[in-house]
Amino acid sequence: MSEEKVTPSNFIRTIIDEHNANGRFGGKVQLRFPPEPNGYLHIGHAKSICLNFGLAADYNGACNLRFDDTNPVKEENEYVEAIKRDIRWLGFDWGEREFYASDYFETLYAYAVKLIKKGLAYVDDLSAEEIRAYRGTLKEPGKNSPYRDRSVEENLDLFERMRKGEFADGEKVLRAKIDMSAPNINMRDPVMYRILHAHHHRTGNTWCIYPMYDWAHGQSDSIEGITHSLCTLEFEDHRPLYDWFLDQLEIHKPQQIEFARLNLTYTLMSKRKLLKLVKEGIVNGWDDPRMPTIAGMRRRGVSPAALRNFSESVGVAKSNSVVDVAQFEFAIRDDLNKTAARAMAVLNPVKLIIENYPEGKTEWLEADNNPEDPSAGKRTIPFGRELFIEATDFMIDPPKKYFRLAPGKEVRLKHAYYVTCSRYETNEAGDVTVIYATYDPATRGGWSDDGRKVKGTLHWLDVRHARDAEVRLYDHLFTTPAPDEARDDEAFYAIINKDSLRVLKDVKVETVLAESAPGTRFQFLRHGYFCADSEDHSPEHPVFNRTVSLKDTWAKKKKK
RNA sequence: UGGGGCGUGGCCAAGUGGUUAAGGCAGCGGGUUUUGGUCCCGCCAUUCCUAGGUUCGAAUCCUAGCGCCCCAGCCA
């Protein structure tokens with residue numbers, strides 16, 4: 001079977017091909033995924049991870065994992081562990097190439113000294129507010145700081161004393177001396193170091209000055225010998241600055257390439273807002289199945305392959321875009337259809353009694369585990385006189401083209417028999433409480449040779465063997481396709497979907513489901529894809545999360 | 001004329017002067033089906049933000065507009 005993978009071209013591949021052709025990096029392709037350990041990875045990061053690691057694999061290169069941990073007040077070890085777990089789960093391996101920007105603090109310090117000596121950096125005493133005022137505006141140039149022309153010796157002395165801790169937070173900064181009238185604001189003497197008497201998750205208290213991202217990032221890439229430094233669009237304006245640093249330092253210069261970050265409808269991608277959801281208890285943690293985090297999706301039941309295929313399918317380009325979440329759901333179904341074992345679960349049970357079936361009798365019937373994959377094998381399931389079927393699979397007065405159960409109508413019970421509804425009972429409220437039917441013994445296995453047309457097929461469970469379970473139905477967290485457009489808290493709270501989680505407590509499931517290991521993914525026949533919850537599921541108290549429903553053209557027809 | 005980017009069907013996205021303007025998602029119609037699932041078939045841009053121009057020939061080149069996104073953290 002030659003399943004040739006067609007990797008669509010994109011502008012990044014074109015650039016790499018050009019470099020390989022003209023020998024810019026000697027044919028070498030070295031990439032990196034550079035997360036800041038200040039939160040959990042989300043599906044947008046997944047796209048970047050797949051891009052970087054995927055490109056490295058395709059070009060016989062390598063991809064480093066580097067934590068950009070230059071801001072101790074926001075970063076924590078919990079996040080680095082979570083990030084590593086997520087990348088591994090996604091299916092990528094960085095081997096020994098695990099790095100931290102904090103590993104380079106000493107080198108970065110030396111680089112800064114080098115710039116000071118070249119007269120290209122200076123210690124500034126201006127306050128944060130003053131620096132902002134001196135920076136000018138988008139349309140007007142800034143003006144030079146009065147401290148801009150300190151001597152190299154004074155700068156060297158002051159910078160050393162900054163490191164030694166002689167100054168308070170915010171008292172001084174080290175700045176690059178470039179051009180306060182540059183049209184690109186990033187070139188107006190950007191801050192390189194700030195004083196922060198803070199504990200760092202890796203370097204502890206050895207530093208009280210920390211490099212700014214803009215000062216650390218390019219040099220970190222350079223130190224690691226990165227050839228192609230992929231980042232998102234908003235850093236396009238920073239590229240001239242990174243190049244300036246590298247040129248002045250006269251060290252290896254990677255090629256930075258910017259691409260558009262992933263946006264999804266009905267999905268929030270801002271780390272700040274996701275943190276808010278977690279902190280305010282709007283969701284149950286970073287791994288809540290409604291979260292777009294990799295951890296949340298894992299818990300929801302999304303497979304790594306689905307995430308990877310999706311990342312591939314959305315492409316890489318420079319235009320801001322918002323991908324329809326339906327495209328993601330397609331990727332999930334597409335993968336799970338091939339890999340998830342089928343089983344029956346009755347979400348809203350109602351009793352079906354087969355009047356002509358012997359009381360007390362049990363038959364064990366054969367069922368395919370996955371019609372898409374014969375190697376998944378078969379299992380046997382018990383059948384008897386009293387069954388549970390889905391309450392929504394019966395209608396007293398059905399509309400045209402309804403091929404489920406109704407008085408006098410015949411349907412197939414999957415893997416079992418044809419049954420015909422004879423009568424039903426209701427309570428005072430008019431709800432159907434019991435349905436009666438007769439079965440045709442000649443249709444064992446759910447088939448007859450007489451050419452009878454039975455359009456409807458229902459799933460069912462033997463009352464005596466059915467196991468109780470809890471099912472959690474998830475929906476979009478937001479009621480609007482563009483939740484990022486909420487400008488303030490009021491608007492934000494207003495668009496939160498109150499029904500994003502619905503818990504079903506009276507669900508009946510097959511034994512295989514109840515006995516499954518946490519994290520196992522299934523297709524609940526005719527319902528959708530579900531996953532045994534990794535935290536709360538046990539054979540004594542089975543809990544399943546709905547990953548995504550099956551497509552439902554009947555529901556669509558009904559709406560019309 | 002602050003600087004930097006981007007405009008191809010409802011949503012993504014190939015395309016780099018000569019193709020009937022790929023492909024996927026969504027949608028619609030039909031077939032198969034022991035899941036109203038899957039699968040299969042068909043339909044879905046005479047037109048590429050607009051207007052001019054160059055050319056035998058333009059989504060691709062030129063000119064002028066228009067629209068959208070990003071930048072004034074001692075965040076990343």
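Keep in mind that the numbers below use all heavy atoms, side chains included, and drop hydrogens, waters and symmetry copies. Everything quoted here is computed from the prediction, not taken from an experiment. Proteins come first, then strands; the chains are lettered A, B, ... in the order of their sequence lines, and each starts at number 1.
- Within 4.0 Å of A:Val322, counting heavy atoms only, lie sugar-phosphate atoms of the nucleic acid but no base atom.
- Heavy atoms of A:Lys271 sit nowhere under 4.0 angstrom from any nucleic acid atom.
- Across the protein-nucleic acid pair, A:Lys414 atom NZ and B:rU35 atom C1' stand 5 Å apart, rounded to whole Å.
- You'll find the side chain of A:Phe328 stays beyond 4.5 Å of the side chain of A:Val323, heavy atoms only.
- Using a distance-only test at 3.5 Å, with no hydrogens or angles considered, no donor-acceptor pair links the side chain of A:Trp207 to the main chain of A:Phe105.
- Using a 4.0 Å heavy-atom distance criterion, A:Val173 is classed as a base contact.
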- [ ] Take A:Glu366 and A:Arg379 through the salt bridge (charged side-chain N to carboxylate O under 4.0 Å, His left out) test and state the conclusion after the steps.
- [x] CA-CA 6 Å; A:Glu366 195 173 65; A:Arg379 69 187 184 287; over 6 Å; no

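- Among the heavy atoms of the strands, none lies under 4.0 Å from A:Leu174.
- Distances from the side chain of A:Gln327 to the nucleotides B:rA76, B:rC12, B:rG3 place B:rC12 closest.
- Straight-line distance between the C1' atoms of B:rA26 and B:rG67: roughly 26 Å, to the nearest whole Å.
- Closest to the side chain of A:Ser321, from the set B:rC12, B:rG27, B:rG36, is B:rC12.
- Among the protein residues, A:His238 comes within range of the nucleic acid bases, having at least one heavy atom under 4.0 Å from a base atom.
- Below 30°, between 30° and 60°, or above 60°: for A:Tyr79 and A:Trp286 the angle between ring planes is above 60°, a perpendicular geometry.
- At a threshold of 4.0 Å, the pair A:Asp484-A:Lys273 does not count as salt-bridged, since none of the basic side-chain nitrogens sits closer than that to a carboxylate oxygen.
- Looking at A:Arg526, its side chain has no donor and acceptor atom pair within 3.5 Å of the base of B:rG36.
- Across all strands shown, A:Phe235 has heavy atoms under 4.0 Å from base atoms, whether or not it also approaches the sugar-phosphate.
- Summary of the strand contacts: A:Pro371 and A:Glu140 both lie near RNA chain B, and taking for each the nucleotide with the nearest heavy atom, the more 5' one is attributed to A:Glu140.
- Side chain A:Arg333 to base B:rU38: no donor-acceptor pair is found below 3.5 Å.
- Considering OH of A:Tyr109 and OH of A:Tyr193, their distance stands at 8.5 Å, rounded to 0.5 Å.
- A:Leu550 is listed as a side-chain neighbour of A:Tyr529, based on a closest heavy-atom distance under 4.5 Å.
- Counting any heavy atom pair closer than 4.0 Å across all strands shown, A:Met212 reaches sugar-phosphate atoms only and no base atom.
- Between A:Asp103 and A:Arg66, none of the side-chain N atoms (NZ, or NE/NH1/NH2) sits under 4.0 Å from a carboxylate O, so this pair counts as no salt bridge.
- Ring-plane geometry between A:Phe530 and A:Phe524 is classed as parallel, the angle between the planes falling under 30 degrees on a 0 to 90 degree scale with a further cut at 60.
- Between B:rU35, B:rC71, B:rC12, one nucleotide has an atom nearer to the side chain of A:Val323 than all others, and that is B:rC12.
- Rounded to an integer number of Å, the gap from A:Arg13 CZ to B:rA14 C1' is 13 Å.
- Residue A:Asn10 is the one, among A:Asp124 and A:Asn10, whose nearest nucleotide of RNA chain B lies closer to the 5' end (criterion: closest heavy atom).
- Counting any heavy atom pair closer than 4.0 Å across all strands shown, A:Gln523 reaches a base atom.
- Counting any heavy atom pair closer than 4.0 Å across all strands shown, A:Tyr193 reaches no nucleic acid atom.
- In this structure, A:Phe330 atom CZ and B:rG23 atom P are separated by 15 Å, rounded to whole Å.
- With respect to A:Glu234 and A:Arg261, a salt bridge is recorded, a charged nitrogen being found less than 4.0 Å from a carboxylate O.
- At the heavy-atom level, A:Pro240 lies nowhere under 4.0 Å from the strands shown.
- Note: NZ (A:Lys557) to C1' (B:rG27) measures 14 Å, nearest angstrom.
- One C1' atom belongs to B:rC70, the other to B:rU60, and the distance between them is 27 Å to the nearest Å.
- Glycosidic conformation of B:rG27 is anti; the angle lies outside 90° of 0.
- Among the heavy atoms of the strands lying under 4.0 Å from A:Arg132 are primed sugar atoms or P, OP1, OP2 only; no base atom is included.
- Nearest to the side-chain atoms of A:Ala317 among the listed nucleotides B:rU35, B:rA14, B:rG2 stands B:rA14.
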Protein-nucleotides 4-9 of chain B N/O pairs closer than 3.5 Å?
unit_1 : atom_1 : unit_2   : atom_2 : d
B:rG4  : O2'    : A:Asp237 : OD1    : 3.3

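- Going from atom CZ of A:Arg546 over to atom C1' of B:rG37 covers 15 Å, rounded to whole Å.
- Atom P of B:rC44 sits at a distance of 47 Å from the matching atom of B:rG2, rounded to the whole Å.
- Within the nucleic acid shown, A:Ser127 comes within 4.0 Å of at least one base atom, counting heavy atoms only.
- A:Leu413 comes within contact range of no nucleotide atom at all, as no heavy-atom separation falls under 4.0 Å.
- The base-pairing partner of B:rC66, taking Watson-Crick or G-U wobble contacts with both distances under 3.5 Å, is B:rG7.
- A:Glu258 has a carboxylate O that lies under 4.0 Å from a charged side-chain N of A:Arg239, or vice versa, which qualifies the two as a salt bridge.
- For the pair A:Asp125 and A:Arg150, the salt-bridge criterion is met [side-chain N within less than 4.0 Å of a carboxylate O].
- Using a 4.0 Å heavy-atom distance criterion, A:Glu372 is classed as a base contact.
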- [ ] Produce a footprint string for nucleotides 40-45 of chain B: one letter per nucleotide, 5' end first; B if the base is under 4.0 Å from any protein heavy atom, S if only the sugar-phosphate is, - if neither.
- [x] ------

